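Here's the structure we're looking at; comments come further down.
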Amino acid sequence: MAGIRLHVISPLVLVAVGKCARDPSVFVRKCAANALPKLHELRQEEITSAIEEIVGILLNDRSPGVVGAAAAAFASICPNNFTLIGRNYRNLCQILPDVEEWGQILLIEILLRYVVASHGLVKESIMSSLLCIESSHSEKDVFDVNVALEDNGIPSRTYDSELVNLVSRSYIEGLGEYLTRSSDTNARSSDLNGARFTSGKTNDDVKLLLQCTSPLLWSHNSAVVLAAAGVHWIMSPKEDVKRIVKPLLFILRSSGASKYVVLCNIQVFAKALPHLFVPHYEDFFVSSSDSYQSKALKLEILSSIVTESSISSVFKEFQDYIRDPDRRFAADTVAAIGLCARKLPKMANTCVEGLLALIRQELLTSDIESGNGEADVLIQSIISIKSIIKQDPSCHEKVIIQLFRSLDSIKVPEARVMIIWMVGEYSSVGVKIPRMLTTVLKYLAWCFKSEAVETKLQILNTTIKVLLCAKGGDMWTITRLFSYLLELAECDLNYDVRDRARFFKKLFSHNLCSQVPEETNALQENKDLPLVLVECIFRKQENLAASEPINDRFYLPGSLSQIVLHAAPGYEPLPKPCSSLCDDLGQFSNSIDRTTALGEEWTGSSSNGTDDPDTSGSLDEESGSNYDSQQSIPGLSDNSGTGDSASEGDRNCDPLIQISDAGIACSNENGASHSGFPDLEGMMSKRALESWLDEQPGSSSPSASEQIQVRQSSARISIGNIGRQVKAKSYTLLDPANGNGLKVYYSFSSEASTISPQLVCLETFFENCSSETMSEVTLVDEESHKALDLADLTLATTAR
Amino acid sequence: MLQCIFLLADNGAVILEKQLTGHRVDRSICDWFWDHVISQGDSFKSMPVIASPTHYIFQIVRAGITFLACTQVEMPPLMGIEFLCRVADILSDYLGELNEDLIKDNFVIVYELLDEMIDNGFPLTTEPNILREMIAPPNIVSKMLSVVTGNSSNVSDILPGATASCVPWRPTDVKYANNEVYVDLVEEMDAIINRDGVLVKCEIYGEVQVNCLLSGLPDLTLSFANPSILHDVRFHPCVRFRPWESHQILSFVPPDGQFKLMSYRVKKLKSTPIYVKPQLTSDAGTCRISVMVGIRNDPGKTIDSIILQFQLPPCILSADLTSNHGTVNVLSNKICTWSIGRIPKDKAPSLSGTMVLETGLETLRVFPTFQVEFRIMGVALSGLQIDKLDLQNVPNRLYKGFRAVTRAGEYEVRS
């Protein structure tokens with residue numbers, strides 16, 4: 001009956017369901033529970049409370065079958081109504097092992113949320129330990145907790161503390177809030193740390209939950225196992241967390257599809273607490289029947305849990321993987337070797353040896369065009385070596401020299417670029433390298449003409465770097481070489497190279513002519529603006545450490561959002577500890593006021609949150625620190641992969657030219673561009689909304705097409721009812737490297753649309769990173785083919 | 001919750017569509033999916049969770065049929081995947097095997113099954129024994145009847161008794177003339193042997209399968225002689241956890257008929273029953289291959305249906321392979337299969353041949369991995385032994401049977 005979905009009869013159905021919920025037959029009650037979500041979907045305000053009442057009755061049932069169905073109803077109807085759970089908590093826990101498997105999955109999650117909401121986190125668990133440590137600075141009363149932690153004497157501090165902190169926070173607060181908060185000052189963090197912790201040893205409710213979920217780790221339904229493991233991960237004391245390891249590894253053996261999901265979860269666990277999985281590294285050895293995604297995940301896990309005792313056997317495995325026919329996988333393996341070596345500096349030498357051997361071997365055969373795969377492996381191995389060297393350049397002098405020597409035989413442009421980059425970067429390392437420099441540069445100048453574009457750009461950069469730190473007799477040769485290179489570059493076919501050359505020539509015009517007659521003295525005197533600029537552009541890169549990729553999964557273990565890496569509609573982080581109002585003990589009564597006030601504060605901040613990220617971003621740029629993310633990543637980080645390193649030259653180029661316009665103009669321009677931004681956004685999103693009004697809510701895929709460039713890129717944007725979710729994550733639609741300077745990114749704003757609840761606000765940000773004026777930027781809606789006609793919107797950015 | 005289930009044939013056509021909630025999922029999602037499969041190749045097909053523009057899609061592939069489930073909201077992804085696996089298992093159980101024609105022939109049954117298995121996006125009854133009671137499996141008689149009478153429903157009118165009982169997996173009134181219990185140990189050996197011939201990893205994944213034909217409501221107790229070797233275990237819902245925690249005894253009220261009682265894993269085994277020694281040497285554009293297979297540790301029973309399978313690397317143009325025992329087949333997608341069967345007493349089987357490399361390639365630098373299959377009847381290689389099977393209130397005539405079989409699982413030899 002409930003399946004008919006007619007609004008008219010819903011009150012009748014409700015009465016019937018209510019009657020059935022008190023029926024003596026188990027099966028009838030179960031069906032009643034199943035009917036409730038269908039009734040609820042009709043969204044009739046007046047019957048909601050009645051439905052919730054029936055859910056409460058059904059949750060109180062003695063029969064496991066009914067409770068399972070009631071849990072499903074609860075999860076879809078009123079997932080935050082913890083009073084219903086509080087009444088039956090003990091009963092629910094006891095009945096949990098007997099509930100049918102699908103009900104178990106949901107019931108586990110409900111119970112977890114309830115416990116967190118009513119009792120807070122467990123102070124012995126990993127989730128809380130870091131919050132405590134931080135708070136001990138500000139609040140004295142939590143200090144004893146901290147001491148208790150130390151007393152436990154667990155293999156402490158073996159984990160990446162910062163990461164755990166991040167993960168645990170984002171479980172509770174959700175990613176969006178975390179980001180807005182971190183852009184804020186730490187003012188609020190002490191408030192959060194004031195949240196109550198409870199002890200797993202003394203609190204019966206927590207103990208009961210852990211007790212009842214532990215047999216579920218043996219369930220033959222992998223979803224149940226993962227859900228139970230999630231509870232233990234969050235709630236159980238640190239020394240007991242290892243209980244989840246074996247069951248998790250065992251469900252890897254089930255089907256290929258679930259293997260991937262489980263691996264995704266293990267990856268997070270292993271990153272936060274590597275020591276859990278250290279003894280089980282063999283389970284992550286790749287078998288040929290794994291899908292490519294699983295293989296890549298396994299490699300990542302292996303490289304994060306590797307220790308000195310296991311490294312030798314892991315490396316042996318890696319050697320086998322390198323010979324795998326799937327070259328993409330082989331390239332990943334090489335990257336993993338690099339990661340391992342960075343993790344265990346003692347092994348770095350062995351790794352580098354192995355990688356060099358690999359490069360030599362590749363060189364033997366890569367003369368022939370044997371497909372992209374081989375080139376990938378080569379590039380990846382050089383990236384790995386580069387990252388190893390970066391840790392300690394001075395002890396790897398020989399390796400650097402060997403790479404220079406092999407420059408002649410390496411043909412792949414990306415690989416050449418990286419080696420040339422190293423020439424510039426480590427030009428002053430050690431004893432032998434400075435002596436080699438002139439020879440290397442001569443060689444580079446000799447083969448300049450036949451290089452690819454990116455290599456040419458990199459050669460120019462490198463020469464400047466060398467020039468800046470050159471001393472004595474070499475100076476003259478290098479200056480000569482440099483001017484020769486500039487002449488060559490100015491006649492190049494590619495306009496990027498020509499631009500670069502002209503720019504350098506302007507910068508150095510002063511230097512070049514003055515330096516030839518009077519050498520070092522002139523350099524001292526002529527340290528005028530351009531030279532200082534060049535110095536800080538090129539020399540500073542050394543200090544910038546590649547930041548760890550924060551592409552970790554911040555969502556609750558076992559959730560969909562964790563797999564797809566963004567908050568799926570309906571995803572909710574754990575409730576705030578102790579936020580539940582149903583504390584029957586009443587001992588937290590004064591904390592309640594505080595938490596509710598806190599909640600309001602949060603909502604306040606989240607509404608601000610939408611414009612937060614971009615204003616802070618623009619602040620960064622205005623302050624003139626142009627080597628933030630954009631410039632530092634391409635040169636140094638190896639995570640950005642081969643594609644990025646290829647475009648290294650281009651990207652380096654862009655901010656450079658901006659500066660070259662000299663101090664005042666530059667800051668003016670930035671200021672103008674950013675003041676123009678908010679209006680623009682407002683207009684854009686309004687436009688977008690208007691155009692979507694006519695369509696079905698559901699899907700639309702706008703694409704930004706520029707008429708200046710021929711390039712066109714489109715991205716698909718999924719739209720559901722995301723209204724309540726705060727998300728500050730932005731997606732790049734077009735990055736400046738591809739779009740010739742136009743950077744377009746978009747993000748979903750958190751506020752609900754004022755026009756219709758079914759619509760979603762989408763904010764698109766345009767940024768001009770190039771030197772040229774951009775006009776006629778249009779935003780076209782692909783599905784309706786209605787051009788939004790923003791052609792008149794000549795960007796304020798480009799008023800120059 | 002799940003909103004829709006699609007079954008796709010291997011050419012992308014929608015075989016079956018089942019809407020589960022009021023929010024209809026448009027069929028165009030399948031087109032979107034298939035476009036991506038075509039453009040991105042197999043790596044897309046092996047993604048179990050996909051975020052499409054409008055929905056999240058869970059997919060599994062079984063026997064060439066793609067099972068898709070769509071949702072728009074957050075839910076545990078393993079729940080979706082696990083459910084699809086159950087659907088696939090049950091369909092293949094009902095239809096004998098799984099292929100497009102069979103599903104089309106039995107549309108009615110498939111829809112009835114899905115109706116019972118999932119309601120409003122939430123899994124309902126997935127226990128195969130109960131389903132069997134509710135929906136009769138297809139057979140010739142029922143087909144004849146439906147043709148003659150025109151009544152095409154296979155759903156039984158009476159509600160299965162188990163749904164209301166406290167043991168939801170067992171029908172209440174089962175009667176057998178002969179009471180029989182069969183316990184099978186089915187083990188699969190996973191092993192990785194690396195390039196140097198060293199055994200890197202060797203473990204057994206085993207299942208205890210029980211075929212239970214007992215009257216009434218029996219209560220069984222199964223104990224092992226050496227439960228300490230078990231590394232991990234997983235149980236059927238019918239197993240009580242307490243006795244296992246305290247005494248490592250399996251105590252359970254079994255479902256009726258065939259079911260999987262538990263699965264287990266035994267790690268760190270020291271030896272494998274057979275050896276495979278591949279040798280590849282390459283020089284001047286040709287590559288010589290020779291593979292030897294033999295018995296290393298005689299398990300006491302015959303090892304049969306030995307099959308060696310490997311994928312030739314893409315850089316190999318042609319291969320000419322011969323063997324002194326068994327047959328060799330090279331398929332068009334460069335998968336080479338050497339079926340040996342049993343190893344003869346007098347000679348060791350070997351495969352040899354030459355392969356021509358791509359022009360310009362002097363030596364072979366990527367090497368294939370050999371997958372080995374075999375079967376040994378009557379032996380559980382993990383060494384697990386069943387101690388005894390006890391039955392409370394023993395009926396008059398009781399027959400208990402035990403069997404064991406070991407197969408190769410992911411048994412790989414790298415070269």
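Naming: A, B, ... by sequence-line order, numbering from 1 per chain. Predicted model only: the values in this text are computed from it and were never measured.
- At a 4.5 Å heavy-atom cutoff, the contact between A/I251 and chain B is made by backbone and side-chain atoms alike.
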Review point. B/I192 and A/E282: side-chain contact (heavy atoms from CB on, under 4.5 Å), yes or no, with the steps?
Key: CA-CA 10 Å; B/I192 296 177; A/E282 279 184 349; over 6 Å; no
**Study point:** Audit row: B/R265, A/L249, side-chain contact (heavy atoms from CB on, under 4.5 Å) steps and yes/no
**Key:** CA-CA 10 Å; B/R265 193 161 69 146; A/L249 294 176; 3.9 Å; yes
**Study point:** Worked check of side-chain contact (heavy atoms from CB on, under 4.5 Å) between A/F250 and B/H231
**Key:** CA-CA 9 Å; A/F250 196 23; B/H231 187 261; over 6 Å; no
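- Interface residue B/N194: backbone and side-chain heavy atoms are both found under 4.5 Å from chain A.
- Between chain A and the residues B/T369, B/V233, B/D196, the largest count of heavy-atom pairs under 4.5 Å involves B/V233.
- Heavy-atom distances place the backbone of A/V286, and not its side chain, under 4.5 Å from chain B.
- Between A/V224 and B/E82, every side-chain heavy-atom pair lies at or beyond the 4.5 Å cut-off.
- For a residue to count as touching a neighbouring chain, one of its non-hydrogen atoms must lie under 4.5 Å from one of that chain's; by this rule B/R195 touches chain A with backbone and side chain alike.
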Point to revise | side-chain contact (heavy atoms from CB on, under 4.5 Å) assessment of A/Y260 paired with B/I81 | key: CA-CA 11 Å; A/Y260 170 77; B/I81 291 168; over 6 Å; no
Exercise for review: I would like to know whether A/E101 and B/R86 meet salt bridge (charged side-chain N to carboxylate O under 4.0 Å, His left out); could you show each step before the answer?
Suggested key: CA-CA 12 Å; A/E101 45 197 339; B/R86 294 285 169 88; 2.8 Å; yes
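- For the residue pair B/L78 and A/S222, the shortest heavy atom distance occurs at CD1-O, 3.6 Å.
- There is no contact between B/L312 and chain A, counting heavy-atom distances below 4.5 Å.
- With a 4.5 Å cut-off on non-hydrogen atoms, B/Y264 touches chain A through its backbone but not through its side chain.
- Using cut-offs of 30° and 60° on the angle between ring planes, the pair A/H220 and B/H236 is tilted.
- Counting heavy-atom pairs under 4.5 Å between each of B/P313, B/G409, B/S263 and chain A puts B/S263 at the top.
- Classification of the B/F241-A/W218 ring pair by plane angle, with boundaries at 30° and 60°, yields tilted.
- Note that OH of B/Y205 is 11.5 Å distant from CG of A/L252, once rounded to the nearest 0.5 Å.
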